[in-house]
Each structure stands twice: as structure tokens, then as C-alpha cells.
Student: 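After the C-alpha cells below, expect a handful of questions from me.
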Amino acid sequence: MAGQKNWEVDQNTTFSFILEYKDPAGVPISLTGATAKMQVRDTKGGSKLAFTLTSPSAGIVIDAALGKLTIKMTPTQTSKLFYPKSSYDVIVIDSNSNRIKLVEGFITLNRSVTI
């Protein structure tokens, strides 16, 4: 079962967060050979896509040995978030092509005055 995490994001700014993939004892799970993908949509299963992030060079960086993903949205991407709230999830595809949903939730958009 995926973890749940909701975020508040300021429009037109850089936003990043780190996910750590660990076993129940807290030991990092190796992500050697894995890739990751994150999509942000208007609702869960929604047809409107704000943007997609992927590893290794489109917004998601994987530290395989530490089981860590660093996810970074650009100001251009945060400007495309749906107001007032967007849905997202992060999927890891391991070296055996297994798809694991690490986290899902909502992104609440704080609109900017300065653009």
C-alpha cells in the first residue's frame, strides 16, 4: 500500500521533496536498475495531465544504494498545477519490471501574486 502525503506548493516556484524507500525495519531498499515516474493530474484517474516527471533526467533523481528519490518541480511545472488541488503519485519500476506505488496524495496550490 502506498504512503499518503499531501503538499502545499507555491505557484511559479521551485518545489522539491525526498522519498526514502525502506523495509519495515527501516533498512533502505536498493533501487539499482530502477526508474521512477510521477504524474500530476486534476483528480485521481483524471484525464487532465498537468505534467510528468521521470528519472533519470526529467525531475527525478534516484540514489539507488540509499533507496532515495529526489523529486523536483520547476517554476514552469508548478504554474501548471490545477487550482485549488491536484492529485499525484510516484511509481518505481524495479529491475524486474515490477511497478511499486511509493506515495500518493494531493497538491494544494497557493496562487502567486508575483509571476
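Please read these numbers as outputs of a predicted model, since none were measured by experiment.
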Student: Would I100 end up clustered with L19 when hydrophobic side chains under 4.5 Å apart are linked, directly or stepwise?
Tutor: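 Linked within one cluster.
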Student: In Å, rounded to the nearest 0.5 Å, how long is the span from CG of L69 to CG of L53?
Tutor: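 One gets 11.0 Å once the value is rounded to the nearest 0.5 Å.
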Student: List the steps, then state whether side-chain hydrogen bond (donor to acceptor under 3.5 Å, both in side chains) holds for T108 with E8.
Tutor: CA-CA 5 Å; T108 301; E8 287 191 26; 5.8 Å; no
Student: Would you kindly confirm whether L102 and I71 end up in one hydrophobic cluster when ILVMFWY residues are joined by side chain heavy atoms under 4.5 Å apart?
Tutor: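 In one cluster: yes.
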Student: Do T14 and P75 have side-chain heavy atoms sitting under 4.5 Å apart?
Tutor: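 Yes; the side chains approach each other to less than 4.5 Å.
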Student: Measure across I18 and K68 and return the closest heavy-atom pair with its distance rounded to 0.1 Å.
Tutor: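 Taking every non-hydrogen atom into account, CG2-CG, 3.3 Å.
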Student: Looking at Y88 and K5, what are the two nearest heavy atoms and their distance?
Tutor: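 Between these two residues, the closest heavy atoms are OH-O, 2.7 Å.
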Student: State whether the side chain of N96 and the backbone N or O of N98 hold a donor-acceptor pair below 3.5 Å, judged by distance alone.
Tutor: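 Such a contact is absent between N96 side chain and N98 backbone.
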Student: Within the side chain of S86, is there an N or O that forms a donor-acceptor pair under 3.5 Å with the backbone of L81?
Tutor: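 No: the side chain of S86 does not pair with the backbone of L81.
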Student: Is the backbone of I60 close enough, under 3.5 Å, to the side chain of S55 for a donor and an acceptor to pair up by distance?
Tutor: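 Side chain of S55 to backbone of I60, a donor-acceptor pair under 3.5 Å: no, none is there.
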Student: Let me confirm one number: the NZ-NZ distance from K101 to K37, rounded to the nearest 0.5 Å.
Tutor: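 Output value for this atom pair is 13.0 Å.
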Student: Please name the pair of heavy atoms, one in D94 and one in A34, separated by the smallest distance, quoted to 0.1 Å.
Tutor: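 Closest approach of D94 to A34: CA-CB, 4.0 Å.
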Student: Taking the side chain as every heavy atom from C-beta outward, state whether Y21 and V92 have any atom pair closer than 4.5 Å.
Tutor: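 The answer is no; the side chains never approach within 4.5 Å.
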Student: Determine, using the 4.5 Å side-chain heavy-atom cutoff (strictly less than), whether Y83 and F15 are members of one ILVMFWY cluster.
Tutor: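 Same hydrophobic cluster.
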Student: For the CD1 atom of I29 and the CD atom of E20, what is their distance to the nearest 0.5 Å?
Tutor: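 Nearest 0.5 Å value for the CD1-CD distance: 11.5 Å.
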Student: Quick one: do I93 and L31 end up in the same hydrophobic cluster if we chain Ile, Leu, Val, Met, Phe, Trp and Tyr together by side-chain heavy atoms under 4.5 Å apart?
Tutor: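 Different clusters.
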Student: Do M73 and F51 pass the side chain to side chain contact (heavy atoms under 4.5 Å, CB included) test, and can you show the C-alpha distance, the side-chain angles, and the key distance before you say yes or no?
Tutor: CA-CA 9 Å; M73 297 175 217; F51 57 87; 3.7 Å; yes
Student: Quick one: closest heavy-atom pair of G67 and P28, and the distance?
Tutor: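 Between these two residues, the closest heavy atoms are N-CB, 4.3 Å.
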Student: OG1/T32 to CD1/I62 distance, rounded to the nearest 0.5 angstrom?
Tutor: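 Reported to 0.5 Å precision, the distance equals 10.0 Å.
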Student: State the NZ-CG distance between K80 and L109, to the nearest 0.5 angstrom.
Tutor: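 Atom-to-atom, K80:NZ and L109:CG are 14.0 Å apart.
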Student: What's the shortest heavy-atom distance between N6 and F106, and which atoms?
Tutor: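 For N6 versus F106, the nearest heavy atoms are OD1-N, 2.8 Å.
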Student: Does T13 offer a backbone N or O that forms a donor-acceptor pair with the side chain of T78 under 3.5 Å?
Tutor: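 At least one qualifying donor-acceptor pair exists.
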Student: Roughly how far, to the nearest 0.5 Å, is the CE atom of M38 from the CZ atom of F17?
Tutor: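 Between atom CZ of F17 and atom CE of M38 there are 4.5 Å.
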Student: Flag the pair K48 / R41 as yes when at least one side-chain heavy-atom distance between them is below 4.5 Å, and no otherwise.
Tutor: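 No, side chains not in contact.
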Student: Using every non-hydrogen atom in the two residues, find where Q77 and K72 come nearest and quote the distance to one decimal.
Tutor: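 Smallest heavy-atom distance, with atoms named: OE1-O, 4.0 Å.
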